[in-house]
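Worth knowing before you read on, the calculation uses all heavy atoms, side chains too, and leaves out hydrogens, waters and symmetry mates.
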Amino acid sequence: MERADVIILGGGLVGSALGVALDAHGLSSIIVDPADPAVVQGAGFDGRASAVASASHRMFDAIGVGERLAGHGCPIRAIRVSDGLEPGALDFEPDADDGALGVMYENRRLRTALFEAASAAPLVDLRMKTLPVKTERGVGGVSVTLSSGETVHAPLVIAAEGRRSPMREAAGINVARWQYDHVAMIATLNHEHPHENTAFEIFYPAGPFAILPLLDDENGHRSAIVWTVDAKDAPGLLKLGNRGWLAEAEKRMGGFLGTLGPVTQRSSYPLGFHHAAKVTGERLALVGDAAHGIHPIAGQGVNLGYRDVATLVEVLVEGKRLGLDLGDAQVLTRYERWRGLDTFMVAASTDLLTRLFGIPGKTASAVRRFGISAVNAVPPLKNRFMAEARGESGDLPKLLQGMTV
């Protein structure tokens, strides 16, 4: 198609979900992405895994993606948080009737399911291995010239290009950003004892050590590791062989999962924070990492993107029903107001947690343990944290409630 309701720049975990969700509501989209699907869906491309919160998963189920993921995810039945290996952990374990807090998926599984859903959606025109060469936004709409030589048109363009979004930069939207002096090391490993569908987050002054449950494989029990270390220590740890690296990991874990290994290929990336001053511009909306990027301390990064998707879909579908121009400022203002406060609060609280748990010393550790014990002892406060983990706080769009708009 040459014309659609929206043009989405970026077909990753958030952009493709947006296209599929719009299709489920009768809105068309052209998704433009430079990636080669055969590469990004390969087992060796990205060893990361993501926790899809229960609210985000309800959206997947509502738009038909959930059935493509069936059998590929590991439910998170509980979360245990501790300050180092000291006693007094904070356990988040909902009642059995409440269901899982979320589901862990390897990113390649998510990419494959979303790509297949987008490819099958009649109102999604997926342009992979294609670059936007020139984008023009004006009173009459949006025109995007592609590397294929074609030009496509829509009332609205949506930037889902990631942290370094060229569209956001071209629009001149200011971004607050800084780097943490941390590096996250990522790997998937097997372990002797079962994880019992529990996610563990062990906080050290250098950063959190997260153990995220995955489905067992031919080698037995399995988890994804997100190990945050001081940037100065990362090179030495990354140079270790697998045996040495696993030995260090076992020390951080206290050995409660038994013998570790084998381990997949390890990777690392520097950690930073960014938050766009606004998530809209002239005939433009930002979603996902184009709008915000946070520390992985709370595992909410991709779920913030899915909240963007659910909100924007509701705003656009209702705007279409009212006969409004989808790129009109009135439509975009509603999206801006709905997402602005939520993304700021999550970003600010995540940054605060990162700094709080990064304070060294026995006094700081004692204060943190007291805080953990206090949350454990106050059910309403504990339930509030569980609601945040589920992605169920605030004014939820219909898709996150499992309903179509």
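- With rounding to the nearest 0.5 angstrom, the CE atom of Met185 is 9.0 Å from the CG atom of Asp233.
- Between Ala100 and Pro75, the closest heavy-atom pair is CB-CB, 4.0 Å.
- Within the 3.5 Å criterion, the main-chain N or O of Met59 finds no donor-acceptor partner in the side chain of Tyr306.
- The residue from Phe200, Phe209, Tyr269 that alone fulfils the ring-ring contact (aromatic ring centres under 6.0 Å, His included) condition with Trp227 is Phe209.
- Although no hydrogens or angles enter the test, the distance criterion places a donor-acceptor pair under 3.5 Å between the side chain of Arg137 and the main chain of Glu282.
- Scanning both residues, Val287 and Ala160, for their nearest heavy atoms gives CG2-CB, 3.5 Å.
- Remark: side-chain polar atoms of Thr333 are paired, donor with acceptor, to backbone N or O of Ala329 under 3.5 angstrom.
- Between Ile158 atom CD1 and Leu312 atom CG the span is 4.5 Å, to the nearest 0.5 Å.
- Between Glu314 and Arg339 no salt bridge is recorded (no basic side-chain N to carboxylate O distance below 4.0 Å).
- Between Glu248 and Lys251 a salt bridge is recorded (basic side-chain N to carboxylate O distance below 4.0 Å).
- Under the 4.5 Å side-chain criterion, counting only non-hydrogen atoms from C-beta, Val183 is not in contact with Leu237.
- Ring-plane geometry between His57 and Tyr105 is classed as parallel, the angle between the planes falling under 30 degrees on a 0 to 90 degree scale with a further cut at 60.
- In this structure, the side chains of Met253 and His191 stay at 4.5 Å or more apart for every pair of heavy atoms.
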Evaluate the criterion side-chain contact (heavy atoms from CB on, under 4.5 Å) for residue pair Leu326 and Leu27; output intermediate values, then yes/no.
-> CA-CA 11 Å; Leu326 296 187; Leu27 270 65; 4.0 Å; yes
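- Panel note: side chain Asn197, backbone Arg77; no donor-acceptor pair is recorded below 3.5 Å.
- Between the side chain of Asp230 and the backbone N or O of Lys232, no donor-acceptor pair lies under 3.5 Å.
- Within 6.0 Å of CZ on Arg177 lie more than 12 heavy atoms contributed by other residues, nucleotides or ligands.
- A 4.5 Å side-chain heavy-atom check between Val142 and Glu136 finds every atom pair outside the cut-off.
- Counting only heavy atoms from C-beta outward, the side chains of Asp289 and Val14 never approach each other to under 4.5 Å.
- Looking at heavy atoms from C-beta onward, Asp325 lies in side-chain contact with Arg283 at the 4.5 angstrom threshold.
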Could you go step by step and tell me if Leu399 and Ile63 meet the side-chain contact (heavy atoms from CB on, under 4.5 Å) rule?
-> CA-CA 8 Å; Leu399 277 174; Ile63 64 176; 4.0 Å; yes
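- In this structure, Leu13 CG and Leu18 CG are separated by 13.0 Å, a value rounded to the nearest 0.5 Å.
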side-chain contact (heavy atoms from CB on, under 4.5 Å) evaluation trace for Arg127 with Val152 | CA-CA 11 Å; Arg127 309 284 186 100; Val152 293; 3.9 Å; yes
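- The side-chain heavy atoms of Glu169 and Glu161, taken from C-beta on, include no pair separated by under 4.5 Å.
- When side chains are defined from C-beta on, Asp308 counts as touching Tyr335, because their heavy atoms get closer than 4.5 Å.
- Of the N and O atoms on the side chains of Thr198 and Glu196, not one donor lies less than 3.5 Å from an acceptor on the other residue.
- Panel note: side chain Asp91, backbone Arg80; no donor-acceptor pair is recorded below 3.5 Å.
- A 4.5 Å side-chain heavy-atom check between Arg334 and Glu318 finds at least one atom pair inside the cut-off.
- A donor-acceptor pair under 3.5 Å links the side-chain atoms of His25 to the main chain of Val405, judged by distance alone.
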Take Met104 and Ile76 through the side-chain contact (heavy atoms from CB on, under 4.5 Å) test and state the conclusion after the steps.
-> CA-CA 7 Å; Met104 283 298 304; Ile76 302 173; 3.7 Å; yes
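- With Gln179 contributing its side chain and Phe273 its backbone, the two residues share no donor-acceptor pair below 3.5 Å.
- To the nearest 0.5 angstrom, Leu260 atom CG is 10.0 Å from His193 atom NE2.
- A salt bridge links Glu106 with Arg222: the distance from a Lys NZ or Arg NE/NH1/NH2 to an Asp or Glu carboxylate oxygen falls below 4.0 Å.
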